[in-house]
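We name chains A, B, ... by the order of the sequence lines, and we start the count at 1 in each one.
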Amino acid sequence: MSFLNLSLLGGALLVAVPIALHLIMRQRPQLVQFPALQFVLARSEANRRQLRLRHWVLLVLRCAAIGLLALALARPSWTAGANSDRRDAPLAAAFVFDSSPRMAYMQENLTRLQKAQQEALWLLRRAPEDSKLAVVDSGASRMAFAVDAGAVSKQVERLQITPRARLLDEALADAISLVAGEDDHRQEVYVFTDLAQQSWNSAALARLQSILQAQKNVQLHIVDISAEEQQNTAIQEMSLNQNVLPLGGTLVLDATLYHQGPPREAVVELLMQDSETEQSRGRRRVTWEQSGEQQIQFRVDGLGEGTHQGRLQLNADDPLDIDNVWHFTVEVRSPPTILIAAEDEEHAIYLREALAPSDWVQQNRARFQVETVGFPQLSGVAFANYAAIALLDPPILETKTWASLTTYVTEGGELAIYLGREADRDSFNQPAPQTLLPGPLLQRAQGELYFSIDNYSHPSLAAFAPYADQVPWPALPVFKYWQLEQLDDGVQQVIRLSDGQPAMLEQVLGKGRVVTVTTPVSDAPNAIGREAWNLLPVGLDVPWPFVLWSRELFGYLAGQDEDQVNYLPGETVSLQLTPAEQLEVFRKKGYVVRGPDGEATRHAATAGQEWLTIATTDLLGNYQVVAGGTTGLLKRGFSTHLPPKSTDMRAIDTAVIAEELGEDRVHFAKSREQIERQVGIARHGTEFFSWLVGIVAVVLAAEHVAANRFYKS
Amino acid sequence: MPTVEQYLKPEVIRQISRLDLRAQFIVKGFMQGMHASPFHGFSVEFSEHRKYTPGDDPKDLDWLVYAKTDKYYVKKFEAETNITGYLAMDLSESMGYTYRQELTKFEYAICLAAALCYLMIHQNDPVGLVTFEEKIRTSLPPKSKRQQIGAVLSILANLQPQGKTDLQNSLSQLAAMLRHRSLVMLFTDLLVDQEASIAGLRRLRHGGHDVILFHILDEAEVEFPFDGLVELEEPESGQKLEVDANAFRADYREQVTAFRDRFRSECFQSGIDYVPLDTSMPFDRALTEYLVTRKNRA
């Protein structure tokens, strides 16, 4: 409790006056002659007691009136928490704006950001002249107080919606830290937000709670600038089955559409750029009876080799149209060539068919091109021509072969070694093979084992993650495997067997990687005299786990899908050039990046530059990276799209925010009147003046009535 | 033209300073009102003539006698029966009280007594006067001559209420004084010991006399119109008491009603006519009561 005019509280001492008057100067009643007194005497005692009570009541009322009036004039207020002792201090305030795409929602001809700007400018005009003010928006990280109020106003007016907005809680945390540095100021942060759950999720609240607990003097004012009865239909997210498709592959686009509002119908169209024009590659009509999500899928075949760009367009007229389109890029390339070294074709059949099924090869749909070679011919192979090499149950190899393989890997090649019955411990424990192997071989172990995987984060296993509990690894038993002694430093165990021993290991070697599997995938199940070490390729009628594992493993090794072509705004794009593209860029002395707005910027390049790095990716849409014009060899591209679900406007209950951050630290307002009132409460606390004056009026009226009734005038 | 009501209102009567005129005023008003009263038709037979003297009402002239004698004679009326009346006036100090009315209880009683005297004399009823407080102070023997009005009014006009009352003793004295059956009209506020008062009244009645008890209270003594804190002082004893009048009013009125009801009941049982009056009430009530009694004796 604090008082605005503490000295006036001394007026409460005037309560002594009615007490003194009561004791010293009792009002004399009027003397009246009355012969019939005998009738009064009979009930006089009871009347006397009543008289005495009324005297006391009147005294209490008069004392209460004086005391309450003195208290009211002292202007008491309750200021719980921050700024209670800084009533007269100058103001340090930060205005935080959410400039994410959601703020483009239009209502009454104003976007939410424009609405926020209006309210902020109104609030700025009311800030005291000696205030220190800063503007912090989620689109940029300005962290300084402006020179004066005029500069702040200009900053507010220049705010724009940006797709690359950072998280609102990050901006808020910066703002809180900024004002908290002003020790001798009242510290206030105003955030203009639509209270969407994704901005005020549990992680954001936890972060803000932590920072507010550390900065106890900061008051947070949340100004709700959300629209009334929001409606929106959006492409919430979209994914491609692959960013880099093999030639002949099918592009599959899965999209999640979300609608908030009354029932409606909309049309979704897939458009892809074909030379100079856009071609429709599919349409869907989607109907919502109520708010909710719907899934749609488009499949596109027959894409030629090269970079393809397009967009998914939602034809739905609503107040927020930034989320009605989703741009994408996909590259179609010839499938990488995998070299399988095996005893013979028969031993390579499982892996070969898993990577390049014969049917698909004939249809040019295979994800990989596979070549096989026998081990005796291995030393004559030019390893550099292959994206990855698989050694299926290698026998003793020449040292120079191991050395060649080591060179291949260290210069960027990818090698997979499947150890089996042909491995010789003494030979494989020699330095040359040990360079590639993850550790010395110990012994052949056996048992009724299977792959036991509890972490599907490795790229070769990520595809299993949605079905983690359903993969029937026990139906693909492992009977024998190679146990290793201690593992080398830097070796990662990717898959274990059910006895805890490693089944698949990975290590980085130079620019490349080596994956070692301790059990082979080349045993025929019914080979006479050669008991199979496992049934990985044949344990099920449809050995889909083995096929999927093999494809994902070699897709990972071959670098498929490592090339990212779809980004979020603001991310730095990296494009790896092929040798031919590198030469083209060098010849043209650079390359051109054309943005979604049609603006083109030229960038220089150096000889042998393998990677292009592009940082100016703020706009949403399709970008083209070219060199040499329409006939040039460099015709690449990438796309930027909104973060998934970034325009979900479902709002959080303010009670949740208040509970997490503390009701005495956060204040909510939607209208200007509420802003003024909340700011007043935060700065001056809850004043009781009006209540006390009301009570004084009631007490005075009661005293007047009682006195009039009691004393004859 | 004054109305009947104006004749009978105490505040109007107050404006007449001469008691004889007051009495006439009251009686005239009362008599005029008789036309609509249940006593209409009350008549008094004239028993003899007397010579006309200036001042007599020409309406009373007996024109038949004039026709026969060429002389002016007025009819001399007399009631169907003669009753001897005594006006008994309480002179206690409490009778001199008024709060906000025009007349004190005593003045009200005097006006009433004078009017009754006037009425009775004109009906040839002898009227006497007795005044008392602790004992009988003044006693005027009853006479029916016209001069008796003057004598009664003269005494009444000079009376001043003072001292305390001993109603029982006074009434006992009066009862001993009366030789013949009489009509005693008692004017008092009865603010004395109730048991003693009742005993006195019974004593009077036991003597065979008709009694009309005019119980006169001040309007304030009936209504208790005070507000807020007041200090009440009893004028006879000087006793004072501070009360919250607003809180007390209901109880007080209850007390007074019970007080009156008791005397009403006792009087009824004793065959005494009880007339509760307060100084705000017109006089016709009292006068009507006299006539009722007069008629019942007929």
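Annotation for B/Glu242 and A/Pro29: closest pair OE1-CG, 3.3 Å, computed over non-hydrogen atoms. When all heavy atoms of A/Val40 and B/Phe248 are compared, the closest pair comes out as O-CZ, 3.1 Å.
Between B/Glu234 and A/Phe34, every side-chain heavy-atom pair lies at or beyond the 4.5 Å cut-off. Between A/Leu37 and B/Gln239, some side-chain heavy-atom pair lies under the 4.5 Å cut-off.
For the atom pair A/Gln30 CD and B/Leu232 CG, the distance stands at 10.0 Å (nearest 0.5 Å).
In this structure, A/Phe39 and B/Phe259 have tilted ring planes: the angle between them lies in the 30° to 60° band.
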Please tabulate, for the side chains in residues 184-192 of chain B, all donor-acceptor contacts under 3.5 angstrom to protein atoms that are two or more places apart in sequence or on a different chain.
{"residue": "B/Thr188", "atom": "OG1", "partner": "B/Asp90", "partner atom": "OD2", "Å": "2.7"}
{"residue": "B/Thr188", "atom": "OG1", "partner": "B/Leu190", "partner atom": "N", "Å": "3.1"}
{"residue": "B/Asp189", "atom": "OD1", "partner": "B/Leu191", "partner atom": "N", "Å": "3.2"}
{"residue": "B/Asp189", "atom": "OD2", "partner": "B/Ser94", "partner atom": "OG", "Å": "2.6"}
{"residue": "B/Asp189", "atom": "OD2", "partner": "B/Lys105", "partner atom": "NZ", "Å": "2.9"}

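With a 4.5 Å cut-off on non-hydrogen atoms, A/Gln33 touches chain B through its backbone and its side chain both.
Dense packing is recorded around CD of B/Glu231, with more than 12 heavy atoms of other residues, nucleotides or ligands lying under 6.0 Å away.
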Assess the residue pair B/Glu233 and A/Leu31 against the criterion (side-chain contact (heavy atoms from CB on, under 4.5 Å)); give the C-alpha distance rounded to whole Å, side-chain angles, the decisive distance to 0.1 Å, and a yes or no. CA-CA 7 Å; B/Glu233 183 182 20; A/Leu31 183 63; 3.9 Å; yes
